[in-house]
Amino acid sequence: MKLKFILLGAISLLSGCAAVPNVVAPPSISVQDVSLQNLSLTQGMALVGLQVTNPNAFPIPLEGIQYNLRLNGTQVASGDQRQSMYLQPNQPTPVQIPVQLQLATLMQLAPVLWQNRAAQYQLDGAVRLPFISVPFQRQGAIGVN
């Protein structure tokens, strides 16, 4: 009898936890821009602009962003940036991610980047909230100055 109550309680708790994600709608994420800020023989920096929209009627905390960046199919950067801020209700929030590029890889890509003055990029990652991570992905072309 005691075991039945314990099992019934456990099932109730699990079903209650499964309903929690339906209480908070996940934000929508769009990649607005990916640009190469500084590209030299010694360093590289890209700036990724995201727009994160909170569809809820209350603010939700953003804890960080995980990302991977590839240029012309070669991984040049990855990271997990802490970014503590609140996403305000029912409005888009711009989020900028400075990305330090891997120099050894850039050196291998540099001749092609300088010759073509453009690169194909693939960006993927996730925005971390307290209980969930919301993935994003985008690909396109960027100019190299």
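Note that the coordinates shown come from a computational prediction; the quantities given were computed from them, not determined experimentally.
Taking the side chain as every heavy atom from C-beta outward, Pro61 and Pro130 approach each other to under 4.5 Å. Contact of the Tyr67 side chain with the Val48 side chain is not registered, since no non-hydrogen atoms from C-beta on lie closer than 4.5 Å. Using a 4.5 Å heavy-atom threshold, the side chains of Leu62 and Pro27 count as separate.
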Give the table of side-chain donor-acceptor pairs shorter than 3.5 Å for residues 84-93, with sequence neighbours excluded, one pair per line with atom names and distance.
none

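Distance check, rounded to the nearest 0.5 Å: CG of Leu50 to CD1 of Ile29 gives 7.0 Å. To the nearest 0.5 Å, atoms CG (Asn68) and CD (Gln75) are separated by 4.5 Å.
Note on Phe58: it clusters hydrophobically with Leu129, by side-chain heavy-atom contacts below 4.5 Å among ILVMFWY residues. Taken together through direct or relayed side-chain contacts under 4.5 Å among Ile, Leu, Val, Met, Phe, Trp and Tyr, Met45 and Leu123 form parts of separate hydrophobic clusters.
Taking the side chain to side chain donor-acceptor pair (under 3.5 Å) definition, one finds that Ser35 meets it with Gln37, sequence neighbours left out. Every residue meeting the side-chain contact (heavy atoms from CB on, under 4.5 Å) condition with Ala46, not counting sequence neighbours, appears here in chain and number order: Leu36, Leu69, Val99, Leu101. The side-chain contact (heavy atoms from CB on, under 4.5 Å) search around Ser30 returns Gln32, Gln51, not counting sequence neighbours. Scanning for side chain to side chain donor-acceptor pair (under 3.5 Å) contacts around Tyr121 gives Arg138, with sequence neighbours left out. For Asp124, the salt bridge (charged side-chain N to carboxylate O under 4.0 Å, His left out) criterion is met by Arg70, not counting sequence neighbours.
The minimum heavy-atom distance between Ala77 and Gln100, with the atom names listed, is CB-O, 3.6 Å.
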Open item on the list: Evaluate Phe136 against Val52 for side chain to side chain contact (heavy atoms under 4.5 Å, CB included), listing each step before the verdict.
Closed with: CA-CA 10 Å; Phe136 62 87; Val52 183; over 6 Å; no

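The salt bridge (charged side-chain N to carboxylate O under 4.0 Å, His left out) contacts involving residues 87-99 comprise nothing, where partners must be two or more places apart or lie in separate chains. Contacts classified as side chain to side chain donor-acceptor pair (under 3.5 Å) and involving residues 128-137 (residues at least two apart or in different chains) are given here: Asp80-Arg128. Pairs passing the salt bridge (charged side-chain N to carboxylate O under 4.0 Å, His left out) check and including a residue from residues 50-64, sequence neighbours excluded, do not occur. Residue pairs meeting the salt bridge (charged side-chain N to carboxylate O under 4.0 Å, His left out) criterion with at least one partner in residues 88-99, sequence neighbours excluded, are absent. Identified under the salt bridge (charged side-chain N to carboxylate O under 4.0 Å, His left out) test for residues 26-38, with sequence neighbours left out: none.
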